[in-house]
Enquirer: 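One structure coming up, written as structure tokens, with questions to follow.
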Amino acid sequence: MAQPDDMFGDEDYPAYTMGRAADIVGTSQDFLRRLDELKLITPQRSAGGHRRYSRYQLRLAARAREMVDQGTAVEAACRIIILEDQLEEALRINEERHST
């Protein structure tokens, strides 16, 4: 188990409740549930079954909210963000392979 000091620097640590996550992102809890349904973010669950979000997931949710606010359908926004994330990861892996 991670020590408390380690958790503060871990962007994947599920530190935020759904209510707090919605406040931070500036959206509704229903919007976060929809992002989960569309597989953009899959929050971890607490022992009691409540959704818990990481900082990384909040960044993705904020990006989706921005796109939706600009008129993009939520389904399309999620697909675009997923593809952007996959491309970024592929480019990172490619660069690592070429730098060794």
Enquirer: Side chain to side chain donor-acceptor pair (under 3.5 Å) between Tyr53 and Asp36: does it pass, once the steps are laid out?
Expert: CA-CA 11 Å; Tyr53 296 87; Asp36 187 6; 5.6 Å; no
Enquirer: Within the supplied structure, the quantity of interest is the number of heavy atoms (other residues, nucleotides, ligands) at a distance under 6.0 Å from Glu88 CD; does it exceed 12?
Expert: no
Enquirer: From Ile80 CD1 over to Arg63 CZ, what is the distance, rounded to the nearest 0.5 angstrom?
Expert: 8.0 Å
Enquirer: State, yes or no, whether a side-chain contact exists between Met67 and Ile81 at a heavy-atom distance under 4.5 Å.
Expert: yes
Enquirer: Does Tyr16 reach the side chain of Arg55, with side-chain heavy atoms less than 4.5 Å apart?
Expert: yes
Enquirer: Using a strict threshold of under 4.0 Å (side-chain N to carboxylate O), is an ion pair present between Arg92 and Glu96?
Expert: yes
Enquirer: Restricting to non-hydrogen atoms, name the atom on Ala64 and the atom on Ala77 that form the minimum distance, rounded to 0.1 Å.
Expert: O-CB, 4.3 Å
Enquirer: Drop me the distance from Asp69's CG to Thr27's OG1, to the nearest 0.5 angstrom.
Expert: 8.0 Å
Enquirer: Whether the side chain of Thr72 engages the backbone of Val68 through a donor-acceptor N/O pair (distance < 3.5 Å, no angle test) should be reported.
Expert: no
Enquirer: Less than 4.0 angstrom from a charged side-chain N to a carboxylate O is my criterion; do Arg79 and Glu84 meet it?
Expert: no
Enquirer: For the OG atom of Ser54 and the CD atom of Glu11, what is their distance to the nearest 0.5 Å?
Expert: 7.0 Å
Enquirer: Can you tell me how far CZ of Arg51 sits from CD1 of Ile41, rounded to the nearest 0.5 angstrom?
Expert: 9.0 Å
Enquirer: When you check the gap from the basic side-chain N to the acidic O, do Arg33 and Asp30 get nearer than 4.0 Å?
Expert: yes
Enquirer: If you look at every heavy atom in Ser28 and Ala22, which pair is closest and at what distance?
Expert: C-CB, 4.0 Å
Enquirer: Looking at CD of Glu37 and CG of Leu32, how far apart are the two atoms once the value is rounded to the nearest 0.5 Å?
Expert: 11.5 Å
Enquirer: To check you understand the geometry: which heavy-atom pair defines the closest contact between Leu38 and Cys78, and what is its length?
Expert: CD1-SG, 3.8 Å
Enquirer: Please say yes or no: joined through hydrophobic side-chain contacts below 4.5 Å, possibly via intermediate residues, are Leu60 and Met18 part of one cluster?
Expert: yes
Enquirer: What's the spacing between Arg59 CZ and Asp85 CG if we round to 0.5 Å?
Expert: 10.0 Å
Enquirer: Do Leu35 and Ile24 land in one hydrophobic cluster if side-chain heavy atoms of ILVMFWY residues count as linked below 4.5 Å?
Expert: yes
Enquirer: Counting only N and O atoms by type, is there a donor-acceptor contact under 3.5 Å from the side chain of Arg52 to the main-chain atoms of Ser46?
Expert: no
Enquirer: Looking at Glu89 and Gln86, would you say the former's side chain and the latter's main chain have a donor-acceptor pair under 3.5 Å?
Expert: no
